[in-house]
A.B. asks: 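Attaching a single structure in structure tokens format; questions to follow.
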Amino acid sequence: MIQHMVNEETKKLELEVETLTNKLQQLEKENRFLQLTFEHANDAIILFNEELEFFQVNQKACELFELSKEELLKRTLYDFLELMSKEEVEYQEAQLEELGELNNELIVRLDNGKIKFVEYSTVRNPNEIGFDICIIRDITLKKQLEKETNKNKQMYHDVINRAVDGIVVFDKEGCFIDANPAFCSNFAMPKMDLLQAKLDDFVEVDYQNKMKQIWDLLDKHGRVRGELPVYLHNGERKRFEVTITANIYDEYYLAIMRDVTEKRDMELQLQNSERRFREMFQHALDAIVLVDNNGKIMRANPAASRAFELPLDELIQSKLSQFVPRNNKRVFSIVKQFGAKGEIREELEFHMPNGQKKLLEFTANKEIIDGLNMIIFRNVSERRKMEKDLRESEQKFRKIFDNAMDGIILWDDHCHIIDANPNACKILGFFKEELINNSLAEFINNDVLNDLRVLWKNYNDSEELSGEILLNNENGIQTIEYSAKKNVIEGLHMTIFRNITEKREMEEQLKKSDTLTVVGELAAGIAHEIRNPMTALKGFIQLLQNSLNENQYDTYFDVITSELKRIESIITEFLVLAKPQAISYQRKNASVIMKETLDLLSAQASLENVQFASYFEEGVPDIYCEPNQLKQVFINILKNAIEVMPKGGTVSIALQRVEGQEILISIKDEGIGIPEDKLKKLGEPFYTTKERGTGLGLMVSYKIVEEHNGTIEVISEVGVGTTFHIKLPIGSPTSH
């Protein structure tokens, strides 16, 4: 029984062993299969422990990390993730922990520096084996292809968007599908509006047949190229050079359109320019020749035939060297200069076949047309002769202009001075540079200038405007006599003028001299005629006065006697004017004479409330003079000073030596002054500013000072007073 039970148990055990053996064989078979699958898999398969250390790797894993199996099993995954941020690695670990499995990408850097992009699929500890199973695939090439694709795509968009030519995609109906900015700009429409339009909308009716031909060619050949005129919605007409390709994508067409409107216009202008050039070449008045680098004439116009005195067919194929002397050194210099610069402008004498010599001005440009040099000739023989004559004429005019005794100015319609000769500068008191481009208004009073302008308008070119004007400059007021002529050159007027101030002064002095002569002759006659009855009147008045004992008529006798003395004084002054007196000059001190005069008039000055303020410089030398006459001059001027101050005042007297051999006596009052227009008349016979004056006192004073070789200058300011400056020479006066 026991044996039976043992046998039964043994059989069970054997059966279990056999079953286990079969299972073991099956597991070994599966293990070998898995091992083969693991080793020969196309992807890297790796077992990681909890620290992500490599526990088991296949051959592909070694190839991926480019390390031997022994080396790789000593490493961790972290060793290859230095290019990834810590946060990204931790994030992927957290996802794996949470989900248990994960598909993602990593960037690994190998020991040799290579960088690889890998895609992985991992499971966290399946069947609790204690390891993470990770399958890794190298996707570096895929990433590079994606990058390249994106790059090409970006480049495509950049090329399309930045292309200078217009690029448009349209369908078989001609509806626009897409267009680049250049196309929108060329068609002057926003892209959104353009995508609502068709290509046929921009083609004029006259060119619709051309559009039909384009479609037919596209269907037949799939490509067409040509020019298409379009009419834009803004009314502008343009021409486009078009290249269309069919069926590029989903039955769409791609067209590249280049705006050639300006190019065609320029070509048309160039054609017109060439036509005009040919016409100008043939009909030009100047001689035009085209020569090669050896100076051989290849083309010439009819004007060149006339200039070189040769038929056109003979002129062509001739050489320019045939027309210039061989020994002319300038020819070599001109040719050398032309070779260096490529252009030149010169003049040269040419000898024509018929014996004529012509001075030709020419302009040459190197290789300007079809590799030929163009030379334009102009006969300047007559012009040079005219210029020479003109220069000689201008030189003559300039000599006359510069050396004229009168001042000459040239001025334009705006009264601006264009030129002036030296005498004009001298008269006006300016340098030539200061006068040029200055205006006449700077020298002539505005009122006078306006009057002259009115007269000027009424004069024609053949008439002359003449007269006199007053100029006020640093030399004082000058009298200018002028004569003006219109348009001596078109738009240029000439004025000739001279300073006649001295002439007018001499005329004035001559007039005074004539007046004095007449007055002198008259005075001599009157004096002699009056003195005799005056003597009788004086005698009988004295007898009558003595015969009357009563004093009731003394006042009358005093008045009569005073007036008779006045008449006698006037007669005496007449006689001074009538003829030169026999004057005995003495050497006297002018200060002494002036002091005696002041003492003589001090009583009269006191009665008129007038004070004398005198200053006599010490050491003033004596002068040669007639004391009584000089005293008469001082009396006349001082009495005038007292009489012009009825309310009193001060008369200042100064006597000093001035530069040179002269003394200066100044007598200044505080009267009402004398206006400028009356100052000029002082010293004239019978001219006076006083009610009972005769004007003879100052006239006699002027004459006495003149006979002493001196001068009297009067300076006066209205409301301030008048100053008489008397200058007398120290040396011996000339005999009279």
Side-chain angles (χ1 to χ4, degrees), residues 142 144-280 369-370:
K142 177 184 174 183
Q144 289 176 347
L145 288 173
E146 287 178 357
K147 184 178 179 182
E148 193 67 29
T149 301
N150 291 332
K151 182 179 177 182
N152 290 339
K153 188 176 180 181
Q154 184 62 40
M155 286 177 62
Y156 167 78
H157 284 294
D158 288 345
V159 169
I160 292 294
N161 291 326
R162 297 183 184 183
V164 177
D165 295 333
I167 301 175
V168 64
V169 178
F170 54 90
D171 59 19
K172 286 189 174 182
E173 282 73 37
C175 297
F176 294 124
I177 305 301
D178 195 9
N180 71 340
F183 186 86
C184 299
S185 176
N186 287 335
F187 275 69
M189 287 181 67
K191 186 175 181 178
M192 296 303 297
D193 294 344
L194 200 60
L195 296 181
Q196 305 299 320
K198 297 172 66 176
L199 182 60
D200 292 354
D201 296 342
F202 299 94
V203 180
E204 296 186 37
V205 178
D206 297 341
Y207 293 95
Q208 289 296 333
N209 291 333
K210 189 165 187 176
M211 280 302 303
K212 187 176 181 306
Q213 292 174 5
I214 289 175
W215 289 117
D216 292 343
L217 289 170
L218 280 173
D219 290 338
K220 188 175 181 180
H221 302 288
R223 184 181 178 87
V224 66
R225 184 173 182 176
E227 281 192 13
L228 183 66
V230 298
Y231 183 75
L232 305 183
H233 289 175
N234 62 4
E236 188 178 359
R237 285 180 169 82
K238 288 187 176 182
R239 293 186 71 87
F240 286 91
E241 194 177 71
V242 182
T243 301
I244 304 176
T245 305
N247 300 322
I248 61 159
Y249 179 72
D250 291 339
E251 300 298 320
Y252 289 159
Y253 299 94
L254 175 71
I256 300 175
M257 303 181 71
R258 177 174 295 173
D259 187 356
V260 293
T261 309
E262 188 175 350
K263 178 183 176 183
R264 294 295 176 259
D265 291 342
M266 289 177 64
E267 287 174 351
L268 182 62
Q269 290 176 8
L270 183 59
Q271 291 172 2
N272 294 333
S273 297
E274 288 177 352
R275 187 178 66 255
R276 285 195 294 269
F277 171 75
R278 286 193 295 270
E279 291 175 357
M280 289 171 59
I369 299 174
D370 299 331

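The shown structure was predicted, so the numbers you read here are calculated from the model rather than taken from an experiment. Just so it is clear, the values below take in all heavy atoms, side chains as well, and ignore hydrogens, waters and symmetry mates.
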A.B. asks: If you define the side chain from C-beta out and look only at heavy atoms, does anything of Thr243 sit under 4.5 Å from Arg223?
C.D. replies: yes
A.B. asks: To the nearest 0.5 Å, what is the distance between NE2 on His233 and CG on Leu194?
C.D. replies: 8.5 Å
A.B. asks: Can you tell me how far apart CD (Glu262) and CD (Gln269) are? Round to the nearest 0.5 Å.
C.D. replies: 9.0 Å
A.B. asks: Got a list of side-chain donor-acceptor pairs under 3.5 Å for residues 179-189, not counting sequence neighbours?
C.D. replies:
unit_1, atom_1, unit_2, atom_2, d
Asn180, OD1, Ile167, N, 2.8
Asn180, OD1, Phe183, N, 3.0
Asn180, ND2, Ile160, O, 2.9
Asn180, ND2, Asp165, O, 3.1
Asn186, ND2, Ala182, O, 3.2

A.B. asks: My understanding is that only residues two or more places apart in sequence, or in another chain, count here; which of them pass side-chain hydrogen bond (donor to acceptor under 3.5 Å, both in side chains) with Arg264?
C.D. replies: Glu227, Glu267
A.B. asks: Please name the pair of heavy atoms, one in Ile244 and one in Phe170, separated by the smallest distance, quoted to 0.1 Å.
C.D. replies: CG2-CZ, 3.9 Å
A.B. asks: On a heavy-atom basis, which atom in Phe202 and which in Lys198 lie closest, and how many Å separate them?
C.D. replies: CD1-O, 3.3 Å
A.B. asks: For the OH atom of Tyr253 and the CG atom of Asp171, what is their distance to the nearest 0.5 Å?
C.D. replies: 8.5 Å
A.B. asks: So how far is it from His221 NE2 to Thr245 OG1, rounded to the nearest 0.5 Å?
C.D. replies: 13.5 Å
A.B. asks: Could you report the tightest heavy-atom contact between Arg239 and Asp259, atom names first, then the distance?
C.D. replies: O-OD1, 3.4 Å
A.B. asks: Please lay out, stage by stage, how Asp178 and Lys191 fare under the test side-chain contact (heavy atoms from CB on, under 4.5 Å).
C.D. replies: CA-CA 8 Å; Asp178 195 9; Lys191 186 175 181 178; 2.9 Å; yes
A.B. asks: How far apart are the closest heavy atoms of Val169 and Tyr252, and which atoms are they?
C.D. replies: CG1-CB, 3.7 Å
A.B. asks: Report the distance from atom OH of Tyr231 to atom CD of Glu236, rounding to the nearest 0.5 Å.
C.D. replies: 10.5 Å
A.B. asks: Are Asp200 and Trp215 packed together at the side-chain level, in the sense that at least one heavy-atom pair is separated by less than 4.5 angstrom?
C.D. replies: yes
A.B. asks: Count the heavy atoms of every other residue, nucleotide or ligand shown that sit under 6.0 Å from CZ of Arg258, and state whether that count exceeds 12.
C.D. replies: no
A.B. asks: Is there a side-chain contact between Leu228 and Ile214 in this structure, where contact means two heavy atoms from C-beta onward sitting under 4.5 Å apart?
C.D. replies: yes
